[in-house]
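Structure first, commentary second.
Labels below follow one simple rule: chain letters A, B, ... track the order of the sequence lines, proteins then strands, and each chain is numbered from 1.
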2 protein chains.
Amino acid sequence: MLNSVNPGKPPRDSEAVDGRRRRLTAEDRRKQLVGIGLMMLRTQPIHELSIDAVAAEAGISRGLLFHYFPTKRDFYVEVMSAAGRRLLRVTKPDPALPADEQLRQMLLTFVAFVTRRRDSYISFVRGAAGGDVFVVEVYAATRAGLTTRVLDLLAEPTQEPASPIRMTVHAWLAYVEDLTIEWSGLPEHARPSSPDDLVDHTIAALHALRSL
Amino acid sequence: MLNSVNPGKPPRDSEAVDGRRRRLTAEDRRKQLVGIGLMMLRTQPIHELSIDAVAAEAGISRGLLFHYFPTKRDFYVEVMSAAGRRLLRVTKPDPALPADEQLRQMLLTFVAFVTRRRDSYISFVRGAAGGDVFVVEVYAATRAGLTTRVLDLLAEPTQEPASPIRMTVHAWLAYVEDLTIEWSGLPEHARPSSPDDLVDHTIAALHALRSL
DNA sequence: TCACGCTATTGAGCATTGCTCAGTAGGTGC
DNA sequence: GCACCTACTGAGCAATGCTCAATAGCGTGA
């Protein structure tokens, strides 16, 4: 697991294939490291991301990682943040469609996204935190982004965080998330409905909750 | 932070006030340590619970903690598990009441519980995991316990995990949880409703979701 | 093409912390 | 009072987060 000698293993990256240092721009290196973090997030909770492992994967020294990210926390806040942005990006609906179609599409994408990388997503939602204040914030920001988007699609331009409609939509997203996680955790043949039915259900739920 | 010398500090516990070892029964010691874990959970995420800190708080050596809990994970799974049991115990309704009253009471207690120790609860829900498989299971078991209880109160004795009604109730609990966390996060004067109204809303939501 | 400077990069080393283990000592039964 | 059981200690190891002085790619100007 140490990166210093690494005798038998093949070079992990484009790094140091000829034994010489490879010098990247600061930006490229940061991107590479965050990318590795995202990849490793798939198989392990964020807190078990060891700086050693990341550095080894990138083929660099531990010290360099601390050059870019002063603390481990800085690093994984960055990684979590990238994960959140990716979720928002992936589920962004096509603005050319009518609003209700956008909502459908967004939810379908969300279900597909969670299903495809379920463990990773759970790591994001829960492991996210680990109770860590900073990472909780990243998750909260992502959720808030989704909430705002849904409110827009509902033509409810409410912005105050404490407004009932916003709180309802926010909590409804928790409902959708839980349902999706549970649903995608079932083996395919045991799922009581298709993704489309699932999405239909959540949309119906949204309208029902809204009119309470 | 070391517990070995500890010159100026007052004795932290009933331990070693006279410099002599204090020998507890295995059961008492375990209870004490889990209790300390629960207490510390209030102020810090579970993963940052250091064995050193717990041992110091208990006035014992690090070694002893490992005598009772082979790994750190064993320890905090135990702590989380105790937290889950406490939640279930506290929110257990009075079986003498009619079913809908039991549900009300349970939800009111839940809201009060979360409001009172919000950080601790968030640590449990999210930090819970940290993505750690074992701790996720503890949380899942707690949630499953609540779900079963609600199903009973609804006179829906469904037990298959994949049944639609069970999944709905499970996800509804996520809805309730999110709403409660957000609600209790607002300063008291900014809350858009009383606890009773909040509970009424969630009950209405349950019935609406159920009949979709 | 070559020296120069900026900074990306290294690697030794420190402190903390999870964990092990051989040995010590408090309490209980005979 | 002796002996046994086991709660308990503390030294020490390995892994890991983090620091820092030194090194060496790579772009730039002459």
Quiz item: Under 4.0 Å: is that the gap between some side-chain N or O of A/Arg22 and OP1 or OP2 of D/dG25?
Solution: no
Quiz item: Of B/Gln105, B/Arg86, B/Arg149, which meets side-chain hydrogen bond (donor to acceptor under 3.5 Å, both in side chains) against B/Thr91?
Solution: B/Arg149
Quiz item: NA contact type, A/Phe69, heavy-atom cut-off 4.0 Å: base, sugar-phosphate, or nothing?
Solution: nothing
Quiz item: Taking NZ, NE, NH1 and NH2 as the nitrogens, is one of them in A/Arg166 or A/Glu156 under 4.0 Å from a carboxylate oxygen of the other?
Solution: no
Quiz prompt | Any B/His67 side-chain N or O less than 4.0 Å from OP1/OP2 of D/dC8 | solution = no
Exercise. When you get a sec, tell me which of C/dT9, D/dC18, C/dT17 is the closest nucleotide to the side chain of A/Arg23?
Key: C/dT9
Self-check item: Euclidean distance, atom CZ of residue A/Arg62 to atom P of C/dC14 [Å, nearest integer]
Solution: 14 Å
Quiz item: Roughly, in whole Å, what's the span from CG in A/Asp74 to C1' in D/dG17?
Solution: 12 Å
Exercise. Would you kindly say whether A/Ser81 and A/Arg85 are connected by a side-chain donor-acceptor distance under 3.5 Å?
Key: yes
Quiz item: Is B/Arg29 near enough to D/dA7 that one of its side-chain N or O atoms lies under 4.0 angstrom from OP1 or OP2?
Solution: no
Quiz prompt | B/Leu24 CG to C/dT28 P, straight-line distance once rounded to whole Å | solution = 12 Å
Quiz item: C/dA8 P sits how many Å from A/Glu27 CD, rounded?
Solution: 12 Å
Quiz prompt | Along DNA chain D (nearest heavy atom to each residue), the more 5'-positioned of A/Leu64 and B/Thr25 | solution = B/Thr25
Quiz item: Could you give the CD-to-C1' distance, from B/Gln32 to D/dC8, as a whole number of Å?
Solution: 13 Å
Quiz item: Just wondering, do A/Leu186 and A/Pro192 contact through their side chains at under 4.5 Å, heavy atoms?
Solution: yes
Quiz item: Would you call A/Thr109 and A/Lys92 a side-chain contact if the rule is heavy atoms closer than 4.5 Å?
Solution: no
Quiz prompt | Nucleotide nearest B/Ser61 when distance is taken to its side chain, options D/dT9, D/dC18, C/dG18 | solution = D/dT9
Quiz item: In whole Å, what is the span from the CD1 atom of B/Ile60 to the P atom of C/dG26?
Solution: 17 Å
Exercise. Quick one: label A/Tyr68 by what it contacts on the DNA or RNA (base, sugar-phosphate, nothing), any heavy atom closer than 4.0 Å.
Key: sugar-phosphate
Practice problem: Specify the separation, in whole Å, of atom CZ of A/Phe75 and atom P of D/dT16. | Solution: 15 Å
Quiz item: To the nearest Å, how far apart are A/Phe66 CZ and D/dT16 P?
Solution: 12 Å
